[in-house]
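Have a look at the structure below, then the notes.
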Amino acid sequence: MNEEKFVEVKDLRKVYDNGHEAIKNVSFSVKKGDLVCLLGPSGCGKTTILNMLAGLLNPTSGEILFDGKNVVNVEPKNREIGYVFQNYALYPHMTVLQNVMFPLTVGKTKRPKEEAEKIAKKYMALTQITDLADQKPGNLSGGQQQRVAIARALVGEPKILLMDEPLSNLDARLRLKIREEIRALVKEVGITTLFVTHDQEEALSIGDKIILFNNGVIQQDDNGQNFYLEPRNHFVANFIGNPVIDNFAVKVENNEIKASDFSIKISDLDAQRFRKQLIDGDYTLSVRPENITPAENGEISTEIVDVELIGRERILKFNHDGQQARSLVNLEVPIKAGEQVKLKLRLDRIFIFTPEGERIY
């Protein structure tokens with residue numbers, strides 16, 4: 001067994017009959033026992049990947065290996081997977097216990113009734129739904145239905161758990177609670193899990209690593225911290241982070257980075273952070289709002305046009321080149337809308353991208 005590559009996808013492609021190439025030569029691997037989030041905007045290909053892993057879609061080309069075995073031609077029921085769908089897909093005429101037991105009453109996983117009930121009750125206890133055993137799905141809240149769906153996916157004791165936007169039907173507070181429960185549960189069971197989401201905060205909070213897609217291509221495959229601190233390209237930098245990253249149009253000439261109202265000497269930057277040489281031309285300078293702070297020696301002189309309170313912090317909004325930008329400060333910083341301020345960029349935390357989105361610094 002190769003635990004580092006317990007799930008391995010090699011050069012996977014999916015082209016639909018209408019010619020749309022949904023997945024473009026994608027390759028990645030998942031370590032045994034990890035919870036990996038497939039992240040990206042709607043239509044980026046993440047659910048298509050999950051459905052190919054499950055066997056619900058056939059790839060146009062490429063390989064899918066589970067524990068070293070290519071499963072592309074293996075029937076879904078024989079792939080030893082559990083699948084939690086976005087809409088839960090519970091049987092409305094069955095009780096919770098019957099729903100959870102169902103995978104153990106049919107096909108290759110069929111068990112004697114007493115044994116099936118014992119296994120079902122074990123996973124119902126893990127998902128905290130034991131007291132709902134006799135209820136029908138129609139009487140349950142969204143969070144309770146979600147727990148039933150997870151318990152049902154686990155009773156067959158699959159090697160891999162696939163979850164497609166499992167929290168999208170829940171309200172914000174319940175999403176927080178359930179995602180913590182999901183991470184704790186899959187770690188307790190020790191099951192390798194692929195979790196599809198479009199919510200970057202969700203992915204950052206529960207994933208051992210994140211694979212970010214856009215237009216059927218992997219943009220970055222990494223741990224959450226690196227997505228935030230070391231984005232691979234401009235798409236990643238913009239997709240990850242709340243508040244969103246600030247972007248300034250700049251021009252490089254005469255060993256300076258020049259915006260409309262500030263300039264930075266290239267010699268003031270950390271030479272070790274350059275990924276390529278910064279030649280003269282047009283670029284985007286990006287910096288996260290927490291790395292733009294009020295300071296007497298700040299590069300940017302501006303007026304604060306609005307202040308937004310977000311719990312322990314405040315967002316100071318200002319205009320730059322006709323676009324709104326943000327500075328994130330502590331609640332105690334006494335700056336009000338209408339004030340003229342100077343803002344300083346943390347130079348070891350800025351990013352510089354080409355017009356094509358390639359990261360230079």
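Remember, predicted model here, so these are calculated numbers, not experimental data.
Between the side chain of Lys24 and the main chain of Asn215, a donor-acceptor pair closer than 3.5 Å is present. Side-chain N or O atoms of Asp11 include none that pairs as donor or acceptor with a backbone N or O of Gly62 at under 3.5 Å. Of the possible donor and acceptor atoms, one in the side chain of Asn70 sits under 3.5 Å from a partner among the backbone N and O of Val72. At distances below 3.5 Å, at least one donor-acceptor pair connects side-chain atoms of Asp199 with backbone N or O atoms of Glu201. Side-chain N or O atoms of Thr193 include one that pairs as donor or acceptor with a backbone N or O of Ile191 at under 3.5 Å. A donor-acceptor distance shorter than 3.5 angstrom exists from the side chain of Arg79 to the backbone of Val71, with no hydrogens or angles considered. Counting only distance, with no hydrogens or angles, the side chain of Arg152 and the backbone of Tyr88 share a donor-acceptor pair below 3.5 Å. Although no hydrogens or angles enter the test, the distance criterion places no donor-acceptor pair under 3.5 Å between the side chain of Lys10 and the main chain of Asn25. Side-chain atoms of Glu256 do not come within 3.5 Å of backbone N or O of Glu253 as any donor-acceptor pair. A distance-only check finds a donor-acceptor pair linking the side chain of Thr192 to the backbone of Gly33 [under 3.5 Å].
Geometric assessment of Lys14 against the ring of Tyr16 yields a positive cation-pi assignment under the 6.0 Å and 45° thresholds. A cation-pi contact, defined as under 6.0 Å to the ring centre and within 45° of the axis, is absent between Arg359 and Phe351.
Comment: Glu308 does not engage Arg326 in a salt bridge, judged by the lack of any side-chain N to carboxylate O separation of less than 4.0 angstrom. A salt bridge does not link Lys344 with Glu296: none of the charged nitrogens is closer than 4.0 Å to a carboxylate oxygen. A salt bridge does not link Lys209 with Asp222: every distance from a Lys NZ or Arg NE/NH1/NH2 to an Asp or Glu carboxylate oxygen is 4.0 Å or more. For Asp208 and Arg183, the salt-bridge test passes: some basic side-chain N is under 4.0 Å from an acidic carboxylate O. Residues Lys32 and Glu3 are not paired through a salt bridge, judged by the lack of any N-O separation under 4.0 Å between the basic side chain and the carboxylate. The residues Lys177 and Asp171 are annotated as not salt-bridged, no charged nitrogen and carboxylate oxygen being separated by less than 4.0 angstrom. A salt bridge is defined here as a Lys NZ or Arg NE, NH1 or NH2 lying under 4.0 Å from an Asp or Glu carboxylate O, and Arg111 with Glu117 fails to meet this definition. For the pair Glu202 and Arg175, the salt-bridge criterion is met [side-chain N within less than 4.0 Å of a carboxylate O].
If you chain together hydrophobic residues whose side chains sit under 4.5 Å apart, Phe227 and Ile206 never meet in one group. Criterion: ILVMFWY side-chain heavy atoms under 4.5 Å apart, direct or through other members. Under it, Tyr83 and Phe195 are not part of a common hydrophobic cluster. Leu328 and Val341 are assigned to two separate hydrophobic clusters, defined by single-linkage of ILVMFWY side chains at heavy-atom distances under 4.5 Å. Placement of Val84 and Leu38 in two distinct hydrophobic clusters is found when ILVMFWY residues are connected by side-chain heavy-atom separations under 4.5 Å, directly or transitively. Val196 and Leu167 fall into different hydrophobic clusters, where Ile, Leu, Val, Met, Phe, Trp and Tyr side chains are chained together by heavy-atom contacts under 4.5 Å.
Between Asn214 atom CG and Asn238 atom CG the span is 11.0 Å, to the nearest 0.5 Å. With rounding to the nearest 0.5 Å, the separation of CG in Leu161 from CG in Leu154 is 5.5 Å. Summarising the geometry, atom CG belonging to Asp164 is positioned 6.5 Å from atom CG belonging to Asn51; distances are rounded to the nearest 0.5 Å. With rounding to the nearest 0.5 angstrom, the CD1 atom of Ile218 is 9.5 Å from the CG atom of Leu212. With values rounded to the nearest 0.5 angstrom, Ser27 atom OG is found 8.0 Å from Leu12 atom CG. Here Lys265 contributes atom NZ and Ile257 contributes atom CD1; the two are 12.5 Å apart, rounded to the nearest 0.5 Å.
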- prompt: Would Phe66 and Leu53 count as a side chain to side chain contact (heavy atoms under 4.5 Å, CB included) if you check the C-alpha gap in whole Å, the side-chain angles of each, and the deciding distance to 0.1 Å?
  reply: CA-CA 9 Å; Phe66 291 170; Leu53 291 171; 4.0 Å; yes

- request: Would you sort out whether Lys342 and Glu299 count as a salt bridge (Lys or Arg N to Asp or Glu O under 4.0 Å), showing the intermediate values?
  value: CA-CA 7 Å; Lys342 283 194 169 185; Glu299 294 90 354; over 6 Å; no

task: Apply the test side-chain hydrogen bond (donor to acceptor under 3.5 Å, both in side chains) to residues Ser286 and Asn247: give CA-CA distance (whole Å), side-chain angles for both, the deciding distance (0.1 Å), then the verdict.
output: CA-CA 4 Å; Ser286 301; Asn247 296 300; 2.5 Å; yes

message: Working note: Asn291 + Leu345, criterion side chain to side chain contact (heavy atoms under 4.5 Å, CB included); need CA distance, chi angles, decisive distance, verdict.
response: CA-CA 6 Å; Asn291 295 319; Leu345 307 178; over 6 Å; no

Step-by-step side chain to side chain contact (heavy atoms under 4.5 Å, CB included) determination, Met124 to Leu97: CA-CA 8 Å; Met124 286 169 68; Leu97 178 59; 3.7 Å; yes

- prompt: Would Met101 and Met94 count as a side chain to side chain contact (heavy atoms under 4.5 Å, CB included) if you check the C-alpha gap in whole Å, the side-chain angles of each, and the deciding distance to 0.1 Å?
  reply: CA-CA 10 Å; Met101 282 176 60; Met94 293 183 180; over 6 Å; no

- prompt: Should Arg349 and Glu290 be marked as a salt bridge (Lys or Arg N to Asp or Glu O under 4.0 Å) after you check the CA-CA gap, both sets of side-chain angles, and the distance that decides it?
  reply: CA-CA 10 Å; Arg349 284 284 184 261; Glu290 65 268 27; over 6 Å; no

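Around the NZ atom of Lys187, the shell of radius 6.0 Å holds more than 12 heavy atoms that belong to other residues, nucleotides or ligands. More than 12 heavy atoms of other shown residues, nucleotides or ligands fall within 6.0 angstrom of atom CG in Asn297. Crowding of Lys258 atom NZ: a count of heavy atoms from other residues, nucleotides or ligands under 6.0 Å exceeding 12. Within 6.0 Å of atom CG in Asp131, more than 12 heavy atoms from other residues, nucleotides or ligands are found, so the atom counts as buried in its surroundings.
Looking at every heavy atom in both residues, Asp321 comes nearest to Ser260 through OD1-OG, 2.6 Å. Nearest heavy atoms, Cys37 versus Gly207: SG-CA, 4.0 Å. Of all the heavy atoms in Ser327 and Pro294, the pair that sits closest is OG-CD, 4.2 Å. Of all heavy-atom pairs spanning Val307 and Ala337, the tightest one is CG2-N, 3.7 Å. Heavy atoms only, all atoms of each residue included: Asn226 and Gln220 are closest at O-NE2, 3.7 Å. Closest heavy-atom contact between Gln324 and Lys317: OE1-CD, 3.4 Å.
With no hydrogens or angles considered, no side-chain donor-acceptor pair links Thr293 and Arg346 at under 3.5 Å. Judged purely by distance below 3.5 Å, without hydrogens or angles, the side chains of Asn242 and Gln200 never pair a donor atom with an acceptor atom. Side-chain contact, Glu157 with Tyr123: a donor N or O sits under 3.5 Å from an acceptor N or O. Side chains of Ser29 and Glu8: no donor on one and acceptor on the other come within 3.5 Å. If you check the side chains of Asn233 and Gln219, you find a donor sitting under 3.5 Å from an acceptor.
Aromatic ring centroids of Tyr361 and Phe353 lie 6.0 Å or more apart.
Thr302 is not listed as a side-chain neighbour of Asn319, based on a closest heavy-atom distance of 4.5 Å or more.
Using bins of under 30°, 30° to 60° and over 60° for the plane-to-plane angle, the ring pair Phe262/His320 lands in the tilted bin.
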